[in-house]
*Asks:* 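Below is one structure. I have some questions about it.
Just so it is clear, the model here is predicted, and its values are computed rather than measured. Order of the sequence lines sets the chain letters (A, B, ...), proteins ahead of strands, with each chain counted from 1.
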Number of protein chains: 2
Amino acid sequence: MCAFLKNKLSIYIVDDHQIMIDGIKALLLSDDRFYVSGQNTSPLKALEEIEKNRPDILITDINMKELSGIELAKKIRRLFPDLKILALSMHDDRATISDMLEVGINGYVLKNTGMEELKSALLRISNGQLFFSEDVTAEMMKAISEPRNPLQKQNVSLTPREIEIVKLISMELNNAGIGEKLFISERTVETHRKNIFRKTNTKSVAGLIKLAIEQHII
Amino acid sequence: MCAFLKNKLSIYIVDDHQIMIDGIKALLLSDDRFYVSGQNTSPLKALEEIEKNRPDILITDINMKELSGIELAKKIRRLFPDLKILALSMHDDRATISDMLEVGINGYVLKNTGMEELKSALLRISNGQLFFSEDVTAEMMKAISEPRNPLQKQNVSLTPREIEIVKLISMELNNAGIGEKLFISERTVETHRKNIFRKTNTKSVAGLIKLAIEQHII
DNA sequence: AAATTTATACGTGCTGGTGGGTATTTTTAT
DNA sequence: ATAAAAATACCCACCAGCACGTATAAATTT
């Protein structure tokens with residue numbers, strides 16, 4: 001089951017974009033240290049296949065429609081604790097990185113880095129080491145060096161109602177419009193709004209929307 | 001210079017994400033009908049290289065930070081009218097599609113389709129035909145069947161200064177703060193703001209920020 | 001059963017942004 | 001050289017949202 005025994009690393013790929021899968025596959029195919037044991041554009045189907053397939057390393061995208069990479073990684077960690085996970089992402093935003101680290105992934109590389117880096121990531125991970133892209137490491141360093149800035153990694157736990165409000169704000173509705181839509185008073189909307197800004201520690205709609213997008217609320 | 005003469009299609013790839021370039025390259029490499037004459041993660045550098053390189057087909061991503069695929073395609077169309085352009089995008093939103101069609105691209109495939117489709121797109125385009133992914137075609141059909149809906153195709157071409165303003169808005173600065181930072185009057189910021197909202201056809205900061213994130217402006 | 005969270009709602013004063021303009025200078029494109 | 005686009009700046013009236021509050025019913029959690 002390990003790389004040493006069969007002399008090839010067994011890789012499973014999950015990515016929303018078939019073309020990305022095809023690309024990675026083609027590249028690994030030409031390198032006899034790797035073997036692509038399977039792939040899927042659907043995280044859920046991938047979970048089933050992994051059960052039978054038992055690869056060494058899972059390469060997963062993070063921003064997937066069906067199930068986020070974070071959720072997938074969580075499930076994987078629970079079901080197959082030994083399976084190594086390498087996150088492959090477009091973004092190096094702190095929230096996502098820290099979410100993934102918390103889940104306990106083994107590596108995080110950005111899509112804007114080359115394939116060589118991906119290969120070394122795979123090799124290092126298979127050795128039990130961790131691997132992070134330079135930009136990701138930099139972001140982590142920054143997070144550490146800024147002792148306890150107000151932005152923390154606070155879990156922005158909005159209530160369902162508040163999330164609804166955020167969604168409507170993002171749809172360019174004003175308080176009156178939101179009230180109408182939810183059959184509540186404009187005053188109530190104002191109160192929700194206040195609470196949302198307080199909780200998210202944002203001071204303008206701009207910040208709120210950025211956060212909401214980062215956290216995949218909208 | 002054409003595919004028939006040298007029996008290989010010369011392809012140039014532009015994409016923000018090196019890993020995507022690497023993937024496509026690896027795949028085309030294994031097919032002797034294609035030849036990757038060059039690639040770049042920077043649209044601007046690509047433009048220079050294409051001048052010398054003169055490929056048959058340019059594969060370009062659409063959502064790039066430096067220069068959007070739309071802008072790149074426009075420049076290409078003006079400078080090298082014979083060069084075929086194949087857009088490769090994550091999104092099938094109507095605005096982008098119609099922008100690209102207007103510029104006069106030769107094909108549009110989505111990243112969530114397989115590599116085989118990419119290959120046939122390349123072959124058909126080299127024959128002077130057009131090629132569009134199924135989803136893209138569907139979106140076009142829908143657009144036609146819905147006679148003249150209000151959503152039109154707005155060109156979101158913000159000026160450099162306006163983009164600067166958008167960035168500062170997204171950083172939760174108010175007009176006064178922005179003016180201070182850019183050494184301009186608060187009145188000027190107000191004017192920029194007005195123009196930005198008019199151009200982007202957004203009516204609140206929420207919409208603007210969403211758009212800005214979509215378009216990778218921030 | 002008690003405590004907490006969530007969702008509801010109102011008042012008031014202030015200010016920052018909106019929408020309506022107009023206009024000049026500088027830069028870029030033709 | 002000239003037209004067009006971009007960047008600069010101001011005026012005025014209006015009101016939506018913010019910052020302070022306070023308060024109560026309903027649902028959840030402990």
Side-chain angles (χ1 to χ4, degrees), chain A residues 150 154-212 215 217, chain B residues 44 47 67-68 70-79 81 99 103 154-212 215 217:
Chain A
Q154 86 271 43
N155 241 3
V156 209
S157 64
L158 297 180
T159 68
R161 196 55 157 179
E162 284 164 353
I163 289 176
E164 239 177 315
I165 307 269
V166 172
K167 280 181 183 160
L168 293 172
I169 292 175
S170 84
M171 289 161 98
E172 305 199 317
L173 270 75
N174 58 14
N175 289 348
I178 294 172
E180 227 172 280
K181 196 137 199 167
L182 298 181
F183 305 107
I184 56 175
S185 149
E186 200 178 329
R187 303 293 131 170
T188 311
V189 180
E190 275 172 17
T191 306
H192 282 307
R193 225 182 155 111
K194 255 184 297 186
N195 292 333
I196 291 168
F197 279 120
R198 188 180 35 75
K199 280 188 183 179
T200 58
N201 199 28
T202 50
K203 65 178 282 299
S204 81
V205 180
L208 177 62
I209 298 293
K210 278 203 298 177
L211 191 88
Q215 316 261 314
I217 289 172
Chain B
L44 293 175
L47 265 173
L67 187 72
S68 84
I70 294 158
E71 293 303 318
L72 177 63
K74 262 189 205 159
K75 285 189 200 295
I76 294 278
R77 265 291 152 271
R78 192 148 33 91
L79 298 171
D99 275 348
V103 175
Q154 84 271 22
N155 236 3
V156 212
S157 64
L158 296 181
T159 67
R161 196 54 157 180
E162 284 164 354
I163 288 175
E164 237 175 318
I165 306 271
V166 172
K167 281 181 185 160
L168 293 173
I169 292 176
S170 84
M171 290 160 95
E172 306 198 316
L173 270 75
N174 60 12
N175 289 348
I178 295 173
E180 225 173 282
K181 197 138 199 167
L182 300 179
F183 305 108
I184 56 177
S185 149
E186 199 178 329
R187 307 276 154 260
T188 311
V189 180
E190 277 172 16
T191 306
H192 281 307
R193 225 183 155 111
K194 261 183 289 189
N195 292 333
I196 290 168
F197 280 122
R198 188 179 34 74
K199 280 188 183 179
T200 57
N201 199 28
T202 50
K203 64 180 281 303
S204 79
V205 179
L208 177 62
I209 298 295
K210 276 204 299 178
L211 192 87
Q215 317 261 317
I217 288 171

*Asks:* Between C/dT18, D/dG17, D/dT8, which nucleotide has the shortest distance from any of its atoms to the side chain of B/Glu190?
*Replies:*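 Of all the options, the side chain of B/Glu190 is nearest to C/dT18.
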*Asks:* Where the side chain of A/Ile184 is concerned, which of C/dT8, D/dA7, D/dA9 is the nearest nucleotide?
*Replies:*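 Closest nucleotide to the A/Ile184 side chain: C/dT8.
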*Asks:* Which pair of non-hydrogen atoms, one from B/Glu162 and one from B/Ile196, has the smallest distance, and what is that distance?
*Replies:*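 In this case the closest contact between B/Glu162 and B/Ile196 is O-CD1, 3.5 Å.
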*Asks:* Taking the side chain of A/Lys194 as its heavy atoms from C-beta onward, which of C/dG19, C/dT6, D/dC20 lies nearest to it?
*Replies:*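 Output: D/dC20.
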*Asks:* Do any side-chain nitrogens or oxygens of B/Thr159 fall under 4.0 Å of OP1 or OP2 in D/dA6?
*Replies:*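 No, outside the criterion.
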*Asks:* In this structure, are over 12 heavy atoms from other groups packed under 6.0 Å from B/Glu186 atom CD?
*Replies:*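 Atom CD in B/Glu186 is crowded, with more than 12 foreign heavy atoms closer than 6.0 Å.
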*Asks:* Is A/Arg161 touching bases, backbone alone, or none of the nucleic acid, heavy atoms closer than 4.0 Å?
*Replies:*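 Result for A/Arg161 = sugar-phosphate.
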*Asks:* How bent is the helix from C/dA1-D/dT30 to C/dT30-D/dA1, measuring the angle between the end axes built from five pairs each, rounded to 10°?
*Replies:*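 End-to-end axis angle for the helix from C/dA1-D/dT30 to C/dT30-D/dA1: 80°, rounded to 10°.
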*Asks:* Nearest to the side chain of B/Arg193 - D/dC10, C/dA7, C/dG17?
*Replies:*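 My answer, after comparing the listed nucleotides, is C/dG17.
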*Asks:* May I have the distance from A/Leu182 (atom CG) to C/dT6 (atom P), rounded to whole angstrom?
*Replies:*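 That distance rounds to 17 Å.
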*Asks:* Compare the minimum distances between each of C/dT18, C/dG19, C/dT8 and the side chain of B/Phe197, then state the nucleotide with the smallest one.
*Replies:*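 Looking only at heavy atoms from C-beta outward on B/Phe197, the closest nucleotide is C/dT18.
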*Asks:* Any donor-acceptor pair under 3.5 Å joining the side chain of A/Thr191 to the base of C/dC10?
*Replies:*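 It does, because a donor-acceptor pair links the side chain of A/Thr191 to the base of C/dC10 below 3.5 Å.
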*Asks:* If you check every side-chain atom of B/Asn174, which of D/dG17, D/dC10, C/dG16 has the closest atom?
*Replies:*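 Side chain of B/Asn174 sits closest to C/dG16.
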*Asks:* Expressed in angstrom and rounded to an integer, what is the separation of A/Glu172 atom CD from C/dT18 atom C1'?
*Replies:*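 Value for this atom pair: 14 Å.
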*Asks:* Roughly how many Å is it from NZ in B/Lys181 to C1' in D/dT8, rounded to a whole number?
*Replies:*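 Those two atoms, NZ and C1', are 21 Å apart.
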*Asks:* To check you understand the geometry: which heavy-atom pair defines the closest contact between A/Ala206 and B/Ser170, and what is its length?
*Replies:*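 Scanning both residues, the minimum pair turns out to be CB-CA, 3.9 Å.
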*Asks:* For C/dA7, does OP1 or OP2 lie under 4.0 Å from any side-chain N or O of A/His192?
*Replies:*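 Looking at the OP1 and OP2 atoms of C/dA7, neither is under 4.0 Å from any side-chain N or O of A/His192.
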*Asks:* Is the shortest side-chain N/O distance from B/Thr188 to OP1 or OP2 of D/dT8 below 4.0 Å?
*Replies:*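 Looking at the OP1 and OP2 atoms of D/dT8, neither is under 4.0 Å from any side-chain N or O of B/Thr188.
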*Asks:* Would you please confirm or rule out a distance under 4.0 Å between OP1 or OP2 of C/dG17 and any side-chain N or O of B/Asn175?
*Replies:*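 Result: yes.
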*Asks:* If I take atom NZ in residue A/Lys199 and atom P in nucleotide C/dA7, what distance separates them, rounded to the nearest angstrom?
*Replies:*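 Interatomic distance, NZ of A/Lys199 to P of C/dA7: 8 Å.
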*Asks:* Please report, rounded to the nearest Å, how far the C1' atom of D/dA19 is from the CZ atom of A/Arg198.
*Replies:*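 Answer to the nearest Å: 13 Å.
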*Asks:* Round to the nearest Å and state the distance from B/Ile178 atom CD1 to D/dA9 atom C1'.
*Replies:*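 To the nearest whole Å, that distance equals 16 Å.
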*Asks:* Whole Å only: how far is the CD atom of A/Glu162 from the P atom of C/dT5?
*Replies:*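 One finds 13 Å between P of C/dT5 and CD of A/Glu162, rounded.
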*Asks:* Using 0.5 Å steps for rounding, measure from the CG atom of B/Leu173 to the NZ atom of B/Lys167.
*Replies:*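 B/Leu173 CG to B/Lys167 NZ: 14.0 Å, rounded to 0.5 Å.
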